[in-house]
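Heads up: the structure comes next, in structure tokens.
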Protein chains: 2
Amino acid sequence: MPKSKRLLELMMTVNRKRKFTVKELAQEFGVSTRTMLRDLQELSELGVPLYSEVGPHGGYQVLKERILPPIAFSEEEAVAMFFAVYALRHYSSLPFETESASALDKFYLHMSGDVRDRIDQMKNRVDFVTPTRQQESPFLSILLEAAVQQKVLLIEYESRGDEACRHIQPIGIYANNGLWFCPAYCFLRKDFRIFRCDRIHSASFDTEGTEPMDLRHVHLGNRESFFRTEKAITGLYADLSQKGVQMCEAVLWLGSHLHVREDGTGWLEGPIPQNDLAFYARFFIGLGNEATVKQPAELISYMKRLFAEIMSKYD
Amino acid sequence: MPKSKRLLELMMTVNRKRKFTVKELAQEFGVSTRTMLRDLQELSELGVPLYSEVGPHGGYQVLKERILPPIAFSEEEAVAMFFAVYALRHYSSLPFETESASALDKFYLHMSGDVRDRIDQMKNRVDFVTPTRQQESPFLSILLEAAVQQKVLLIEYESRGDEACRHIQPIGIYANNGLWFCPAYCFLRKDFRIFRCDRIHSASFDTEGTEPMDLRHVHLGNRESFFRTEKAITGLYADLSQKGVQMCEAVLWLGSHLHVREDGTGWLEGPIPQNDLAFYARFFIGLGNEATVKQPAELISYMKRLFAEIMSKYD
DNA sequence: TGATTTCGTGACAATTATTGTCACTATTAT
DNA sequence: ATAATAGTGACAATAATTGTCACGAAATCA
């Protein structure tokens with residue numbers, strides 16, 4: 001095999017194996033150890049971060065930095081990748097230890113001039129906004145680790161001003177609207193709960209030997225089905241004006257409930273959990289006179305009660 | 001220069017130049033044209049998408065696919081990049097023509113086994129949620145292009161059920177909460193306006209010769225200062241219960257107005273534009289009895305009027 | 001301690017790959 | 001037609017690559 005190709009293959013091979021000896025690779029590539037040594041030195045010069053130790057159980061290692069073999073990206077793809085990573089700058093906390101900024105710099109630096117120009121031109125013209133929050137979430141890494149490794153955590157959690165310790169087993173973390181959430185099994189409540197990560201004031205692996213649940217099959221994609229054990233369901237129906245429709249369109253969690261007529265007006269229809277009546281009451285009051293709730297009666301009476309309470313404040 | 005190094009340099013050079021002739025490169029690298037031909041063929045075999053045309057003004061070209069030279073990413077960086085791009089899957093529309101999915105696949109495929117394992121483990125455990133909408137925004141590309149190239153567009157825009165043509169000059173596009181928005185100069189209103197991209201029903205470059213404004217200095221980062229020419233400002237003060245504080249924390253646009261006391265209660269204080277009273281009224285009504293507005297009087301009376309209207313519906 | 005394993009380096013001849021040259025073909029724009 | 005360009009094949013000259021051997025240095029282990 002000609003040297004030029006061997007070097008490229010070698011690059012991929014050393015990335016695959018984390019650890020190896022010169023002899024081992026020499027045999028694999030069918031060259032002498034001397035040649036392999038020379039090749040490895042060349043790779044080193046080309047920037048592959050190799051590290052070696054002598055002695056038995058010694059050998060070569062690729063340091064944590066990995067060389068990504070040359071990948072063919074189309075210009076569009078490269079630009080899309082750039083902006084995807086660029087969007088992460090809005091997050092004050094991330095579950096990845098290193099700053100994604102460093103990845104971005106490398107990526108940017110390695111791209112050819114005109115792609116870079118293109119990006120510069122677009123940099124202030126496209127954005128994926130995420131509201132920036134003051135709240136920091138310092139325990140994202142450990143929460144994620146616990147989710148991946150199925151471990152139990154002991155956390156201090158602030159809820160309504162109180163602080164309490166809880167044993168939880170995270171099933172993942174997700175960012176929504178600039179805040180991080182952690183759905184987890186709560187050993188205190190013996191059920192699944194969602195925790196807001198910025199309210200977690202400490203987190204450490206459980207040392208009291210709480211037996212982890214087998215939650216490998218529960219993940220962010222299917223957690224809904226484990227959560228939504230809502231018992232009581234009730235039917236909602238509400239009329240919407242044109243403006244009401246527009247306001248509802250901008251609201252995420254009622255996507256499928258919204259129906260629009262030709263003239264722009266519409267209605268909301270669908271089942272809602274009884275427990276959330278308070279939430280829906282507030283929502284519809286917020287819509288003001290752009291919405292008229294027809295059903296369920298409980299919701300209407302709840303809204304009236306709420307009215308009375310609020311009104312009393314302003315008299 | 002040894003061949004192996006020459007090939008790597010060549011790879012980067014052909015990426016820099018879009019177009020070149022064999023002779024040109026041969027001179028640059030100090031080899032014969034024959035050798036350069038052989039090298040180019042090798043590059044081709046290695047996956048660089050080269051294309052050639054004979055004849056005067058012919059020559060070699062690299063097709064739109066670009067080879068990314070080997071980059072050293074740390075494992076953390078690669079993982080962060082993966083999830084950044086992975087998050088784009090939530091968007092039903094993107095301003096980039098190709099699917100970012102293809103970039104993701106390539107990236108994933110080229111990573112070594114254990115990084116891939118790590119990603120697989122994390123895939124269902126981390127997410128950057130963006131509400132998925134039904135609304136498609138098919139004109140993102142042209143809006144972006146117009147913003148970058150300072151061009152005027154003619155759009156059909158739906159506003160409150162009506163549809164109207166407008167000449168606009170976009171200054172950028174951004175996604176927020178799953179919806180795309182386009183701040184732009186509106187030649188109809190002779191001022192800056194924000195357009196919701198899914199309400200744009202057609203868009204094409206202006207052919208009537210509308211003279212573009214010089215908006216090179218206006219971009220997503222500083223547009224606020226051009227927009228916020230709100231005239232009337234008024235002072236807001238509202239008390240919040242513990243729960244009220246928590247609800248406000250989850251709301252983005254009043255970040256700096258929120259103050260929290262030791263005991264978890266708090267207050268909102270700060271200037272708000274007179275025009276937005278209607279909006280704030282709805283918001284505070286939505287907070288129910290967790291908030292008590294003290295100032296301004298106009299807001300309180302607005303809220304009362306709104307109450308009356310709503311109440312009349314349910315009696 | 002001494003045997004063993006491993007990386008690391010230098011020298012040199014044998015072997016191979018690489019290169020340049022030349023002669024030629026094919027295509028295309030002017 | 002002419003000139004510019006890619007593309008191919010053959011072959012000798014050249015230069016890079018390779019293997020071998022000899023040796024050093026560091027670490028582990030019995």
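Not measured: the values here are computed from a predicted model. Lettering follows sequence order; numbering is per chain, from 1. Atoms considered below: every heavy atom in the structure, side chains included; atoms not considered: hydrogens, waters and symmetry mates.
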Q | Short side-chain N/O contact from B:Arg6 to OP1 or OP2 of C:dT19, under 4.0 Å | A |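 Answer is yes, contact under 4.0 Å.
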Q) At under 4.0 Å between heavy atoms, what does B:Ser52 touch on the DNA or RNA strands: base, sugar-phosphate, or nothing? A)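 Counting heavy atoms under 4.0 Å across all strands, the contact made by B:Ser52 is with sugar-phosphate only.
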Q) Between C:dT19, C:dT28, C:dT4, which one does the side chain of B:Lys3 approach most closely? A)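 Closest of the options to the side chain of B:Lys3: C:dT19.
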Between [N] ([atom2]) and [X] ([atom1]): distance, integer Å:
{"X": "B:Gln41", "N": "C:dT19", "atom1": "CD", "atom2": "P", "value": "14 Å"}
{"X": "B:Leu37", "N": "C:dT25", "atom1": "CG", "atom2": "C1'", "value": "14 Å"}
{"X": "A:Leu43", "N": "C:dC7", "atom1": "CG", "atom2": "P", "value": "15 Å"}
{"X": "A:Met1", "N": "C:dT16", "atom1": "CE", "atom2": "P", "value": "16 Å"}

Q | B:Lys19 atom NZ, over 12 foreign heavy atoms within 6.0 Å | A |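 Result for NZ/B:Lys19: enclosed.
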Q) Nearest heavy-atom pair of A:Val22 and A:Tyr60: which atoms, and what distance? A)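 Closest pair (atom of A:Val22, atom of A:Tyr60, distance): CG2-CE1, 3.5 Å.
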Q: Assess whether one donor atom and one acceptor atom, taken from the side chain of A:Arg34 and the base of C:dG8, lie less than 3.5 Å apart.
A: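 Between C:dG8 and A:Arg34, which were checked side chain against base, a qualifying N/O pair under 3.5 Å is absent.
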Q: Tell me whether the guanidinium CZ or amine NZ of B:Arg166 lies under 6.0 angstrom from the six-membered ring centre of B:Phe187 and within 45° of its axis.
A: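 No, B:Arg166 does not lie over the aromatic ring of B:Phe187.
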**Q.** Boundaries of the DNA chain D segment in contact with chain A, non-hydrogen, under 4.0 Å
**A.**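 So the contact region on DNA chain D extends D:dT17 to D:dC29.
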**Q.** Rounded distance (nearest 0.5 Å) linking atom CD1 of B:Ile155 with atom CG of B:Asp206
**A.**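 If we round to the nearest 0.5 Å, B:Ile155:CD1 and B:Asp206:CG are 12.0 Å apart.
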**Q.** Candidate list B:Tyr174, B:Phe128, B:Trp180, test ring pair (Phe, Tyr, Trp, His ring centres under 6.0 Å), partner A:Phe128, passing option
**A.**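 Single ring pair (Phe, Tyr, Trp, His ring centres under 6.0 Å) partner of A:Phe128 among B:Tyr174, B:Phe128, B:Trp180: B:Trp180.
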